[in-house]
**Student:** 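Below you'll find the structure I mean.
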Amino acid sequence: MKIAVVLALITLAEIAIYYIPALASLLIPLLVAFSFAKFMLVILWFMHLRFDSRIFTRLFAAGLLLTLTVFILMLLTFFLRGGPAPTPPGIT
Amino acid sequence: MATAVAPQQGGLFARPTAKTGWWSWMTTVDHKKIGILYGVTAFFFFIVGGVEALLIRAQLATPNGEVLSPAVYNQLFTMHGLTMIFFVVIPMGTALMNFLLPLMIGARDVAFPRLNAFSYWVFLSAGLFMYSAFLLGGAPDGGWFGYAPLSLDPVTDGMTYYSLGLQIAGIASLAGAINFIVTIINMRAPGMTLMRMPVFVWMTLITSFLLLFAVPVIGVALWELMFDRLFGANFFDPAAGADPLLWQHLFWLFGHPEVYIMILPAMGIVSEVLPAFSRKPLFGYPAIVFSGAAIAFMGWGVWAHHMFAAGLGPVANSAFALSTMFIAVPTGVKIFNWIGTIWGGSVRLTTPFLFSAGFVSMFIIGGLSGVTHSIVPHDAQQTDTYYVVGHLHYVLFGGSIFGLFSGIYYWWPKVFGRLLSEKIGKFHFLLMLVGFNLTFMPFHILGLLGMPRRQYYFPANRGFEVWNLLASIGAFTIAVSILVFLYNVAVSRKKGEAAGADPWDARTLEWMTTSPPPEHNFDAIPVVRHRDDFWYRKYITTPEGESARVFAGGAASDEEQHSSEAASDEPPSSSAEGASDREPNTAGAAPPESSSEERPHAGASAEEQGHGIHLPSPSYFPLLTAAGMPVIGYGFIYSPILLAAGAVMLLVGAFGWVLEPPAEEA
Amino acid sequence: MSAAHPPAEHPHTSTGLDNAKLAMWAFLGSECLFFGSFISTYLLYRNVTGDGPTSADLYDIPYTSISSFVLLMSSLTMVLALSSVQNGDRRAMRIWLMATAFLGLTFIGGQVFEFTTFVEEGLTLSTSAFGSSFFVLTGFHGAHVTIGILMLLGLTVMSSFGRLGPDDSRPVEVVGLYWHFVDIVWIVIFTVIYLIPSG
Ligand code: HEM
Ligand SMILES: [Cu+2]
């Protein structure tokens with residue numbers, strides 16, 4: 001129950017900072033941090049990874065970390081050369 | 001169990017009971033029968049894919065060949081590749097895994113027997129679905145990797161079949177992978193710790209993890225392709241500002257792990273066969289296991305080496321070139337392990353051994369040509385030429401297929417109870433080895449001479465004639481060798497020598513039970529004390545370090561080991577305790593003496609055809625649920641009515657699955 | 001589920017862990033890559049809007065916040081359903097399961113409404129790469145929620161026909177894992193797709 005209240009509060013905070021101009025520069029890091037916090041609360045308590053066997057945690061973490069690594073790499077290869085489908089020189 | 005009233009056998013959801021005949025195969029949930037189904041089906045597709053290859057080689061035997069039209073040629077090479085990869089090598093590995101995995105870890109079945117049957121039927125329907133495209137306007141023709149925007153070409157529905165058919169095949173692989181992972185983690189016999197598992201089981205586990213994580217990626221790519229083709233989405237169409245490179249990334253993100261999915265099972269087979277025929281334990285077991293895991297892990301960081309020619313830029317190219325060179329290291333480690341296993345052993349040159357040796361030597365060649373691709377400027381010369389086709393056949397045919405044949409010869413007596421002929425087998429091997437090299441060695445030369453792949457003809461007077469002709473002769477030699485194998489099978493079925501439980505004097509648990517094994521696998525679940533446990537039941541090590549045969553009747557502890565059952569109704573150890581242990585099973589390996597007495601069905605009663613051992617009953621629903629998938633596929637292409645019908649089949653199947661009277665399935 | 005051979009219901013496994021739960025966690029690991037692929041596609045294309053509307057033109061943050069909140073709260077009701085069944089209260093469990101399914105349906109309703117609005121404002125699957133990746137990503141998430149709702153209703157019905165013993169909380173737990181996972185995927189989607197401004 002307490003967890004649910006915290007989750008609700010974080011969501012409120014997320015929306016709030018979205019509308020506070022003073023925080024604009026911090027917006028993205030803050031949002032990511034909040035979202036990460038919610039994510040962890042749900043998997044650790046609601047999905048009780050905190051109390052359950054570590055095998056479950058490992059299985060899930062393997063998928064999650066692999067996803068992060070591989071797709072960050074992939075997006076890097078795109079954005080290092082200017083995003084999707086940059087027009088090659090000489091072709092229009 | 002309180003008020004819950006389970007319906008007994010009978011009524012609407014009665015489970016089928018046939019033990020023989022057609023229905024028994026259609027409704028079976030026995031991992032051994034499913035393994036045989038997988039094997040027979042994969043072999044059937046092997047013949048089909050082989051005929052396609054022969055047609056291609058007939059067309060390319062001479063310059064300006066006129067056997068095939070360009071359109072048919074495109075369909076044939078695409079379907080050949082798809083067939084061999086998705087409907088032969090992978091399911092043939094799955095066939096062996098299915099049959100052997102529970103036997104090797106001392107289990108009665110896999111964790112989810114009905115899911116296992118479901119995997120098979122989904123796989124079969126994916127294959128039939130893909131092939132039905134030939135009759136319905138044209139098969140896939142955009143190459144097995146289906147590059148966009150060519151794959152968006154709307155001339156035929158071929159690539160729509162590709163997107164849906166592979167999606168269905170992926171569901172089969174995913175279900176199988178989850179099943180095997182749970183089985184290996186959770187269903188091992190007492191004492192079977194992770195580091196005592198046969199290497200084939202390890203490779204199954206690693207392969208399953210690769211599938212678990214790779215299939216969803218291509219799944220997404222295929223969905224996107226389907227939305228592009230059928231619903232006007234713009235994922236890959238450059239005309240709409242999309243970037244076709246996205247397809248290449250997603251495809252090879254799956255595609256490179258996929259090549260390890262195809263080779264690791266073969267590596268597992270070889271790691272079982274070589275020790276058995278060298279009468280030595282595998283040299284460097286931990287190194288083999290860890291290098292297998294390292295290959296699987298690193299295999300996720302090299303995918304863009306298939307895209308060196310796509311213009312990723314120097315930074316990405318260099319990074320992926322480096323990672324590709326590094327991945328050859330764990331592969332090399334394994335080669336040394338295998339050589340170390342044979343070294344100084346008393347080698348028996350049986351057919352399975354020969355195929356394994358063939359695997360190691362051909363795979364070395366394929367691995368080396370792979371390393372030449374990893375050098376970017378070199379690769380720029382090789383991409384899209386026959387050189388790449390040479391490489392991939394050395395690893396896939398010389399590697400996977402030779403390894404799989406080694407496994408087929410090795411385990412055939414276990415599966416069918418009769419030996420294959422050694423004489424015919426050796427002839428098969430020799431013919432296949434010669435034919436294989438005759439076919440694929442020239443590919444390298446053709447590639448270096450500049451012959452592009454996927455061209456329906458080649459012009460005269462470019463120096464291509466000789467090599468193409470040689471390759472075509474080699475291809476037909478391979479075909480003959482497969483006929484020799486089929487002859488061997490026929491002879492063995494008719495008058496093959498009875499195998500007995502342990503024809504090879506082998507090392508792992510599956511040889512402890514009869515050939516073919518009874519439905520319940522083991523009368524009493526073995527308790528495992530060693531790696532290569534079965535060997536140590538037969539031999540003791542003398543103080544001089546030699547192996548000596550244990551006298552009839554077995555070692556002192558043998559009796560107890562045989563009569564002790566799985567600790568199945570011991571109070572489960574608290575999960576937290578079991579789980580935090582890296583090798584959780586050691587806890588469960590209680591001394592058998594303590595528990596063997598109160599086993600209800602140990603000893604004599606168990607021998608009466610496993611009385612008292614509950615096996616899951618057969619079921620109609622995996623088949624029904626699986627059959628819904630291709631119907632949904634046709635529905636996407638042709639009509640919403642079919643779509644709805646398929647969805648109904650799926651739902652009814654799923655509900656029946658849940659509601660049918662319970663069996664031993666966990 | 002069966003009174004015939006109770007010991008078989010909880011077979012001893014090598015790790016002492018439940019097979020179905022292990023399978024579900026493996027599946028969820030796999031699902032990470034599934035949604036990862038779709039989210040990456042979206043990130044790649046979020047500014048490829050062609051002549052069509054951009055995300056800034058379309059997204060209605062207060063509206064989506066409410067539906068996100070609804071989904072988040074459905075995770076809470078799911079937790080309550082599981083703890084009811086673990087306390088042996090099947091009736092309460094059914095009520096919480098229905099509440100969860102209802103919240104899920106509300107979310108889906110909200111998504112249908114959102115999709116209709118976007119189409120009216122000129123964004124369809126074929127407008128642009130942005131449109132394709134938005135609809136297909138959120139659509140597949142919606143499909144996952146729908147399957148979850150079906151499973152929740154299935155559990156409720158089975159339980160009221162006595163097919164789900166009060167001491168058998170495993171199916172509820174496993175479905176719950178799936179449900180929470182779908183929720184955390186939405187947490188990511190909400191932040192990455194809706195809140196972080198593109199440009
Ligand atoms: C030492 C290990 C290996 C290395 C360094 C390696 C490297 C490469 C590279 C760089 C390519 C891209 C060539 C190009 O398209 O220009 C390639 C293609 C390919 N490799 Fe390997 N490889 C290795 C092992 C394997 C294994 C074990 C398999 C399968 C069992 C395999 C199957 C393939 C296939 C199917 C292709 C061709 C894909 C296509 O273009 O259709 N490789 N390899
Ligand atoms: Cu590769």
**Student:** Using non-hydrogen atoms only, which part of M24(C) is less than 4.5 Å away from chain A: side chain, backbone, both, or neither?
**Tutor:** neither

**Student:** Look at the aromatic rings of F34(C) and F38(C) and report parallel, tilted or perpendicular, splitting at 30° and 60°.
**Tutor:** perpendicular

**Student:** For T124(C) and T127(C), what are the C-alpha separation, side-chain angles and deciding distance, and is it a side-chain hydrogen bond (donor to acceptor under 3.5 Å, both in side chains)?
**Tutor:** CA-CA 5 Å; T124(C) 66; T127(C) 311; 3.0 Å; yes

**Student:** Shorter than 4.5 Å, heavy atoms on both sides: which option in F190(C), F69(C), Y45(C), F181(C) has the most such pairs with chain A?
**Tutor:** F181(C)

**Student:** Tell me which of these, L44(C), I39(C), L177(C), has more heavy-atom pairs under 4.5 Å with chain A than the rest.
**Tutor:** L44(C)

**Student:** Once you measure the plane-to-plane angle for F115(C) and F135(C), does it fall in the parallel (<30°), tilted (30-60°) or perpendicular (>60°) bin?
**Tutor:** perpendicular

**Student:** For Y178(C) and H144(C), take the angle between the two ring planes, folded into 0 to 90°, and tell me which bin it lands in: parallel under 30, tilted 30 to 60, perpendicular over 60.
**Tutor:** parallel

**Student:** Among L31(A), L66(A), I72(A), V32(A), single out the residue with the greatest number of heavy-atom pairs under 4.5 Å to chain C.
**Tutor:** L31(A)

**Student:** Between K21(C), E173(C), E31(C), who has the most heavy-atom pairs with chain A when the cutoff is under 4.5 Å?
**Tutor:** K21(C)

**Student:** Does F113(C), at its CZ atom, have more than 12 non-hydrogen atoms belonging to other residues, nucleotides or ligands within less than 6.0 Å?
**Tutor:** no

**Student:** Heavy-atom distances under 4.5 Å only: say whether T191(C) touches chain A with side chain, backbone, both or neither.
**Tutor:** side chain

**Student:** Heavy-atom distance under 4.5 Å to chain A: side chain of S37(C), backbone, both or neither?
**Tutor:** both

**Student:** Under a 4.5 Å cutoff for heavy-atom pairs, which residue among L33(C), V192(C), V79(C) has the most contacts with chain A?
**Tutor:** L33(C)

**Student:** Under 30°, 30 to 60°, or over 60°: which ring-plane class applies to Y194(C) and W186(C), parallel, tilted or perpendicular?
**Tutor:** tilted

**Student:** At a heavy-atom distance under 4.5 Å, which candidate from V70(A), I15(A), I43(A) has the highest pair count against chain C?
**Tutor:** I15(A)

